[in-house]
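A short worksheet on the structure shown next.
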Amino acid sequence: MSHANDSIHDEAQDDRFLEILMVSTLSTIPSCVFLYINGIMLFTLRSKAVFCETARYILLYNLLFAETVQLVLSQVLFLLAAYSVIMTYPLCGFLTQLANLTTTISPLTLVVMSVERYVAVCYPLRHADIVTVRNTGVSIILIWTFSSLNVVIRVLLLLELPFDNLLNLQVKGFCSGLSMLVGPISHAYNKAFAGFVFTSAGVAIISSYIGVAAAARSASADKASAHKARNTLLLHLVQLGLSLSSTVYYPLLIALSTVVVRVVFFRIQSLVYMFIFIVPRCLSSLIYGLRDQSIRPVLMFYLCCRLRLSTVRVKSDVSSSA
């Protein structure tokens, strides 16, 4: 009987490991594909002077860079949690605070991009004077400074942890942003900051959209430019909603963990992770890369060029082996 129980236990462990391996593989493959596309997009935005000297492309680069880092950190934390890797608080804190830094940068960059489109449509004659490379650089510095200040405050709130043996103090459960909220003050600050950032960003983007829509009705406005700007602002609003969805990830998992069994919970968690963390991080590259008339030919050139090089190498290897 003891031998039979051990066999059943070993089979259950093997099934569990195979399921974890399958889920981690299914999430890692698209992550690598999207990282490749994001990398090509980032390289494209630095390949020509016009991209380096135009405000909206500089802001787009900042957005894509932040989302690429988010994608890498999200996948690393997901794999660590899937394989139940035990981490210390310093290492977990470093990963989660870096994720918090880049998560805040995305909505703030969307706000600046929306304001830039508003100025381009409503004040076309002053656009070149207001939206300069220098002012854009200052905006990006302010975005990173504000996001870094949020990280500093979160680290200061971690002073509630016992520091007697901090380097060896292990996180209970898997490493996540939720596990670094160690007290009621940290939880309250996390909710207040997320609410402030996303509410402010939503108001700014919606106000810009209303301003552009009102300007489009005037006789002096460029109808085509106003229509394109309105579509861009709607895209920014969708991106903000996708970024906001990541804030409900852990509360949703906590609610699900109380009503479903562990196996079903793990499968649902993997599915929710794919749609909340992986898919939104690739939309910016795909949408902007294919939608923008200036970026699309350069992006397709680099993608197709690499594909042709791979095809030529395969053909040369086949011919040499023959």
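Given the structure is predicted, the values throughout are model-derived calculations rather than measurements. Computed over heavy atoms, backbone and side chain alike; hydrogens, waters and symmetry mates excluded.
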Legend entry - T102 and E67: side chain donor to acceptor below 3.5 Å: no

Legend entry - Between S27 and Y273, a side-chain donor and acceptor under 3.5 Å: no

[atom1]/[X]: more than 12 non-hydrogen atoms of other groups inside 6.0 Å:
X	atom1	result
Y123	OH	no
R46	CZ	yes
F193	CZ	yes
I86	CD1	no

Which heavy atom in [X] sits nearest to a heavy atom in [Y], and how many Å separate them?
X	Y	answer
V151	Q97	CG2-O, 3.6 Å
M41	I295	CE-CG2, 3.6 Å
V111	A204	CG1-CB, 3.8 Å
S294	F51	O-CZ, 3.5 Å
T132	T136	O-OG1, 2.7 Å
L240	P107	CD1-CB, 3.6 Å

Would a hydrophobic clustering, with Ile, Leu, Val, Met, Phe, Trp and Tyr connected at side-chain separations under 4.5 Å, put [X] with [Y]?
X	Y	value
Y36	L64	yes
L101	F196	yes
V112	V238	yes
I40	I29	no
L45	V133	yes

Inset, instruction - Kindly indicate, with the supporting measurements, whether the criterion side-chain hydrogen bond (donor to acceptor under 3.5 Å, both in side chains) is fulfilled by Y189 and N150. - result: CA-CA 10 Å; Y189 173 79; N150 169 50; 2.8 Å; yes

Inset, instruction - Sequence neighbours left out, what pairs pass disulfide (SG to SG under 2.5 Å) with at least one residue falling in residues 102-155? - result: none

Inset, instruction - Among residues two or more places apart or on two chains, list those pairs meeting disulfide (SG to SG under 2.5 Å) that have a residue in residues 59-105. - result: C92-C175

May I ask you to decide if [Y]'s main-chain N or O and [X]'s side chain share a donor-acceptor pair within less than 3.5 Å?
X	Y	answer
N135	V131	no
T96	G93	yes
S24	L21	yes

Give, for atom [atom1] of [X] and atom [atom2] of [Y], the distance between the pair rounded to the nearest 0.5 Å.
X	Y	atom1	atom2	result
M113	I58	CE	CD1	11.5 Å
T25	L79	OG1	CG	9.0 Å
I210	Y118	CD1	OH	10.5 Å
L234	Y209	CG	OH	4.5 Å
S139	N62	OG	CG	10.0 Å
S31	L35	OG	CG	6.5 Å

Inset, instruction - Begin with the C-alpha distance, continue with both residues' side-chain angles, and end with the deciding distance and a verdict on side-chain hydrogen bond (donor to acceptor under 3.5 Å, both in side chains) for S106 and Q70. - result: CA-CA 10 Å; S106 294; Q70 288 177 44; 2.7 Å; yes

Inset, instruction - Under the side chain to side chain contact (heavy atoms under 4.5 Å, CB included) rule, what do F146 and L108 come out as? Steps first, then yes or no, please. - result: CA-CA 9 Å; F146 182 80; L108 296 180; 3.5 Å; yes

Legend entry - Evaluation steps, side chain to side chain contact (heavy atoms under 4.5 Å, CB included), between L80 and M87: CA-CA 9 Å; L80 291 174; M87 301 180 64; 3.4 Å; yes

Inset, instruction - Please work out whether the ring planes of W144 and F65 are parallel, tilted or perpendicular, with thresholds of 30° and 60°. - result: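 Plane angle between 30° and 60°, so tilted.
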
